[in-house]
Protein chains: 2
Amino acid sequence: MTPDLPDQLLTLLAALHAGDAALPGPDEKAIAAARERNGQLTKPPGALGRLEELAIWYAGWRGAGQPVLERPQVIVFAANHGVAARGVSAFPAAVTAQMVANFRAGGAAVNQLARAFGARMDVHALQLDRPTADFTTAPAMDEAAFLDALRTGWLAVDPGADLLVVGEMGIGNTTSAAALAAALFGGEVRDWVGRGTGVDDAGLALKTQVVAEGLERHRDRLGEPLEVLRCLGGRELAAMVGAILRARMERIPVILDGYICTAAAAVLEKAAPGALDHCVAGHLSAEAAHGRMLEALGKAPLLSLDLRLGEGSGAALAIGVLKGAVACHSGMATFAEAGVASG
Amino acid sequence: MTPDLPDQLLTLLAALHAGDAALPGPDEKAIAAARERNGQLTKPPGALGRLEELAIWYAGWRGAGQPVLERPQVIVFAANHGVAARGVSAFPAAVTAQMVANFRAGGAAVNQLARAFGARMDVHALQLDRPTADFTTAPAMDEAAFLDALRTGWLAVDPGADLLVVGEMGIGNTTSAAALAAALFGGEVRDWVGRGTGVDDAGLALKTQVVAEGLERHRDRLGEPLEVLRCLGGRELAAMVGAILRARMERIPVILDGYICTAAAAVLEKAAPGALDHCVAGHLSAEAAHGRMLEALGKAPLLSLDLRLGEGSGAALAIGVLKGAVACHSGMATFAEAGVASG
């Protein structure tokens, strides 16, 4: 049974399938206003480096030359993967539900980071008792399950938020992410597979084998990015895609997290080039292939601190950088206001 | 006239001059406790990357296995440089005083960042009407002026702070910092000279020439790091050194800012190897030689966002990273507390 989808999401999905999605862009007037303001602030030109371009980018999406950043939202989506039964993770599948309880109790890393940076945090567990199918034998999700996951992500976004971080939890999901990356970007499968939560060499070889089997199993469907997501992804990956799409429609800037989040987001960029223009890469994960994926997407990470936890942690940490950028841009005095000679 | 110095500072300076300073180290028990706690937190081993080592380092200096970070202090020291009269900056010397007024009014970048990360901010203007001597013709400071600046830095530190950022403002001070770096680390002068607030090629050549003249003028004194600071530094650089020393005695961890702050700090490391063990590099400045200096000091920067503003801005931005690290370490649940299987 197909779930009831919001009209806007339904229309968007049809357009993404057809390859002619017209997504809203940033506010060019706000960008121009922000750029002008940036040139008047009490600092040498360019001295705040990437903070300057970040603030201008943020201004564009928020439609204000002197924006505020006061209501960040962090959403963690959790789901279980049939492929975990193949033994691709260092942790048992039961950990997904245990970690959901930990998120809800406020005990995980992302909880501390969300609190430290003043973000609202929401947790959505997607049918943990119904793992997706093992993608080496069948599409991970049927159409109804796929649409339901997209819908959960879409509806999870607070339209009043002014920044979004999406994170994930799902034992086995680096295997799913590697499969997405290999399908979307091509190249050698082994180059997209990493150690995830910490598998050994044998585990790594197994993951590579499993991903290759998945690609082979669905080879006729991999020309279409949304089909890649449905066949090789997971509920939490689809939910992240739904949330990132919704953020685009609401002009809420997004900070991408690590390997899994970026692999999910890449589906959108492949379906509609420019679809991730409202997203910035929060950090470079220690998961080996993340850097290659970011490069393919043209995204330079804000942080590079060897995190590889997922659950939105790297992106949540980067909220601080974006807050700092916006605080400088919107709070600093201009040369004229401060009576400082401009060089 | 020699200023009255706090006894502890006087003793320390004598020991640093003599090359036998015994500085307090971190609390090894706290390090062991933090390391043990880190291994029990609900995440795969090592998944928080550098945040883990940062939290353990912080725990050691604060003497607590589960520390808090609640009272960061940002201090900006400002001073004028005789060498500015040589035309080494893109801005007129009057800007130092104008920016001090801007700091006091809350309009500079560092004000916004201190506020964003909940830091107390203090501004110390060091005799702006008395620039140091042009170091190409005389030592920048006589003994009394030098000790007075060290004392100002020492006394500026709030002993109740649990994290310190020191920043600077002083037209001409990248020239002074380049001279320090060349004197302390050797090599070609031109490799230590950068564009500062934005000089052109002719300005860069002039800066290089001025630094070379300074090194030549004081060549007999450059074997002693504190003499390097007195002869080629500036009041704000000496004040930063005083503050960093005081922080060491109070076991307050320090985040180093960019090129100028790091050059000043390097004086201490050269005078007493390990003297910067309580310091972490906040960011990699866009000022060309900063990376080389950090490498020589064995410090990996937390951020690399092309900032080159000084005034403590890069380090203040990095407060967010350290806050995130400590929040995760001290706030996360353990596997046992959360009922999560540990793999």
Side-chain angles (χ1 to χ4, degrees), chain A residues 41-51 54 90-92 94-95 98-99 101-102 105-109 111-113 115-117 196-198 286 302-311 313 316-317 319-321 323-325 327-334 337-343, chain B residues 41-51 54 90-92 94-95 98-99 101-102 105-109 111-113 115-117 196-198 286 302-311 313 316-317 319-321 323-324 326-334 337-343:
Chain A
L41 299 177
T42 45
K43 55 173 185 54
L48 281 173
R50 280 198 73 189
L51 297 193
L54 267 179
F91 285 78
V95 165
Q98 291 164 358
M99 282 300 297
N102 197 23
N111 296 96
Q112 320 315 315
L113 295 168
R115 195 177 305 133
F117 298 112
T197 50
L302 295 177
L303 300 170
S304 182
L305 295 166
D306 284 332
L307 274 67
R308 52 177 174 79
L309 178 58
E311 70 185 45
S313 55
L317 187 62
I319 293 173
V321 174
K323 275 199 155 182
C328 286
H329 178 85
S330 294
M332 281 175 73
T334 62
E337 285 164 0
V340 174
S342 59
Chain B
L41 300 176
T42 46
K43 56 173 186 53
L48 281 174
R50 279 198 74 188
L51 297 194
L54 266 179
F91 285 77
V95 165
Q98 292 164 358
M99 281 301 295
N102 197 23
N111 297 96
Q112 319 315 316
L113 295 168
R115 195 177 303 133
F117 298 111
T197 51
L302 295 177
L303 301 170
S304 182
L305 295 165
D306 284 332
L307 275 65
R308 51 175 174 79
L309 178 58
E311 70 185 45
S313 55
L317 187 62
I319 293 174
V321 174
K323 275 198 156 185
V326 174
C328 287
H329 178 85
S330 295
M332 281 175 73
T334 63
E337 285 164 0
V340 173
S342 58

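FYI, side chains are in, hydrogens and waters are out, and symmetry mates aren't considered; it's all heavy atoms of this structure. Below, chain A is the first sequence line, B the second, and so on; all start at residue 1.
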- Carefully, step by step, assess A/V321 and B/V321 under the rule side-chain contact (heavy atoms from CB on, under 4.5 Å). CA-CA 9 Å; A/V321 174; B/V321 174; 5.7 Å; no
- Item | Backbone N/O of B/G324 and side chain of A/Q112: donor-acceptor pair under 3.5 Å | no
- Query: By a 4.5 Å heavy-atom criterion (distance strictly below it), what part of B/L41 contacts chain A: side chain, backbone, both, or neither?
  - Reply: neither
- Item | For B/K323, all residues meeting salt bridge (charged side-chain N to carboxylate O under 4.0 Å, His left out), sequence neighbours excluded | none
- Whatever's closer than 4.5 Å to a heavy atom in chain A on B/A101 counts as neither
- Of all the heavy-atom pairs spanning A/P44 and B/R308, show the shortest one and how long it is. CB-NH1, 4.4 Å
- Task: Specify which of B/A47, B/G49, B/G107 makes the most heavy-atom pairs with chain A at under 4.5 Å.
- Result: B/A47
- Which region of A/A109, side chain (C-beta onward) or backbone (N, CA, C, O), has a non-hydrogen atom less than 4.5 Å from a non-hydrogen atom of chain B, or is it both or neither? both
- Side chain, backbone, both or neither of B/L303 within contact of chain A (heavy atoms, under 4.5 Å): side chain
- Query: How many angstroms lie between CG in A/L48 and OG in B/S313, if you round to the nearest 0.5 Å?
  - Reply: 6.0 Å
- Between B/G310, B/A316, B/G46, the one whose heavy-atom pairs under 4.5 Å with chain A are most numerous: B/G46
- Contact winner vs chain B - A/L307, A/L51, A/T197, A/L302, heavy-atom pairs under 4.5 Å: A/L307
- Message: Does any backbone or side-chain atom of A/L317 lie under 4.5 Å from a heavy atom of chain B? Answer side chain, backbone, both or neither.
- Response: side chain
- Task: Under the side-chain contact (heavy atoms from CB on, under 4.5 Å) rule, collect the residues that match up with A/A338, sequence neighbours excluded.
- Result: A/T42, A/A333, A/V340, B/N102
- Message: Please report the interatomic distance CG(A/L305) to CG(B/L54), rounded to the nearest 0.5 Å.
- Response: 7.5 Å
- Note on the structure: In short, A/F91 meets B/S342 closest at the heavy-atom pair CE2-C, 3.6 Å
